[in-house]
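Below is one structure; the comments refer to it alone.
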Number of protein chains: 2
Amino acid sequence: MRDLDETDRQIIRLLLEDARRPYSDLADRVGLSAPAVSDRVDRLREIGVIRSFTLDLDRSLLDGGTPVLVDLDVPVARAGEMRNALAELDRVEHVFQTADGRLLVRALVDGDDVTGLLADAIDLDEIRRVDVDLLVEERWTPTIGDAGLALTCVECGNTVTSEGESLLIDDERYHFCCGSCSSNFEERFDRIQRNA
Amino acid sequence: MRDLDETDRQIIRLLLEDARRPYSDLADRVGLSAPAVSDRVDRLREIGVIRSFTLDLDRSLLDGGTPVLVDLDVPVARAGEMRNALAELDRVEHVFQTADGRLLVRALVDGDDVTGLLADAIDLDEIRRVDVDLLVEERWTPTIGDAGLALTCVECGNTVTSEGESLLIDDERYHFCCGSCSSNFEERFDRIQRNA
DNA sequence: ATTGAAATCGGCCTAGC
DNA sequence: GCTAGGCCGATTTCAAT
């Protein structure tokens with residue numbers, strides 16, 4: 001697996017500005033042909049750097065509820081699962097999970113019923129602390145700087161280098177440092193799935 | 001200015017899922033022609049509900065620094081200005097500002113030099129409290145539910161209804177409840193600009 | 001209906017074994 | 001010298017306006 005080069009980063013920067021930009025336009029700007037750009041974009045999606053093409057909406061113009069920031073302390077061991085459950089809620093737009101079991105949730109609430117919102121996704125008994133703040137403004141300014149790829153082998157934990165590969169299983173992508181890690185993981189996965 | 005109808009919301013939902021979806025595909029799904037969809041998307045951009053087409057990136061695959069969440073208490077009166085200054089920084093992706101003068105900043109830092117990062121944008125003496133947490137995961141799941149437009153006339157503060165209009169001045173869009181508010185604002189703006 | 005963009009395919013070039 | 005990967009150009013099909 002190749003690392004990101006400056007052309008990949010340029011393509012990402014241009015698409016962050018306008019994700020509908022034609023490939024031919026990208027091609028002119030980065031000095032490649034349109035099919036070459038298309039190949040690179042496909043690859044960026046394959047490895048998962050580009051999760052999706054989407055919209056930046058101005059939520060201050062929409063009347064869907066009161067925007068709040070909910071700050072939760074939860075058990076560290078349960079934080080990942082709770083983060084996912086919260087992210088699934090329609091009224092939750094962002095969830096940030098910190099290393100020490102804090103979840104920051106950007107959500108829309110009706111009236112002031114934050115508890116009702118949270119109860120739809122998680123068990124309130126597991127929450128150690130809740131703070132709710134009214135949001136008055138939010139800014140989003142995505143950049144990528146000069147970042148390269150930083151993948152960790154899900155089988156052995158090593159850093160994934162140019163020899164690495166990746167697998168797509170059930171809509172989740174898994175990265176491996178080598179073919180043997182990849183096949184070990186796949187075998188184990190198949191075994192577990194047969195037993196289930 | 002017309003409010004959002006269910007077709008607008010459907011178009012937005014589909015574009016949130018995949019902003020590169022062809023208009024003809026959208027057209028099939030919402031039961032309109034492609035040009036009609038194109039007109040609606042233009043309108044949604046005009047009024048500012050769609051700020052831009054962009055990418056959802058998986059930052060956990062990129063190595064541009066350590067992702068942290070910085071939690072600041074600042075003087076309420078200075079919060080807006082400080083929020084903007086922080087958002088300008090290359091390494092800052094999100095800034096959330098709460099009603100009580102708290103700023104939550106998602107940033108990338110080198111090593112652990114958070115202070116250095118903040119000092120580039122704001123005066124550290126104005127900060128009343130700083131907490132820094134390591135981020136381990138973040139989810140972005142934009143939705144719009146069944147929201148309509150919620151615009152406030154910048155001239156008189158009334159709610160903008162179907163009679164409203166809007167102006168684009170210096171890349172900023174201003175909404176008005178009626179033609180007279182719009183022209184009052186424009187005249188005042190011109191006067192101020194001539195004097196400057 | 002015209003103009004323009006996306007996808008596809010065969011072939012070329014280069015790097016690495 | 002052979003293979004694999006990346007890119008190009010032409011073509012055809014489909015989309016934007």
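Sequence lines set the chain letters: A, B, ... in the order given, protein chains first and strands last, and positions in each chain run from 1. Everything numeric in this text was worked out from a predicted model, so none of it was measured.
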Exercise. A:E6 has an atom CD; how far is it from atom C1' of D:dG6, in whole Å?
Worked result: 18 Å

For this session: Measure from CG on B:D18 to P on C:dA6 and round the result to the nearest Å.
Result: 13 Å

Exercise. To the nearest 0.5 Å, how far apart are CD1 in B:I47 and CZ in B:R43?
Worked result: 4.5 Å

Exercise. Any side-chain heavy atom of B:R91 within less than 4.5 Å of one from B:D110?
Worked result: yes

For this session: Going 5' to 3' through nucleotides 7-17 of chain D, assign each nucleotide B (protein heavy atom under 4.0 Å from a base atom), S (under 4.0 Å only from sugar-phosphate atoms) or - (no protein heavy atom that close).
Result: SBB-----SSB

For this session: Write down the distance between CG (A:D28) and P (C:dA6), rounded to a whole number of angstrom.
Result: 12 Å

Exercise. Looking at B:A121 and B:L89, what are the two nearest heavy atoms and their distance?
Worked result: CB-CD1, 3.7 Å

Expected rows: protein N/O vs nucleotides 1-3 of chain C N/O, under 3.5 Å:
none

For this session: Just say parallel, tilted or perpendicular for the rings of A:W140 and B:W140, cut-offs at 30° and 60°.
Result: tilted

For this session: Let me have a per-nucleotide readout for nucleotides 12-17 of chain C, 5' to 3', with B, S or -, counting only protein heavy atoms under 4.0 Å.
Result: ------

Problem set entry | A:V74 vs A:Q97 side-chain heavy atoms within contact, under 4.5 Å | no

For this session: Quick one: list whatever passes side chain to side chain donor-acceptor pair (under 3.5 Å) with A:E17, sequence neighbours left out.
Result: A:R21

Problem set entry | A:D71 side chain reached by A:L104 side chain, heavy atoms, under 4.5 Å | yes

Exercise. Mind checking whether B:L57 and A:L16 have side chains closer than 4.5 Å, heavy atoms only?
Worked result: yes

Cut-off 3.5 Å, no hydrogens considered: what does the side-chain donor-acceptor table look like for residues 27-35 of chain A, sequence neighbours left out?
{"from": "A:R29", "atom 1": "NE", "to": "A:D25", "atom 2": "OD1", "distance (Å)": "2.6"}
{"from": "A:S33", "atom 1": "OG", "to": "A:A36", "atom 2": "N", "distance (Å)": "3.4"}

Seminar exercise, completed: side chain to side chain donor-acceptor pair (under 3.5 Å) filter on A:D146, not counting sequence neighbours, yields none

Problem set entry | Rounded distance (Å) that lies between atom C1' of C:dG4 and atom CG of A:L26 | 15 Å

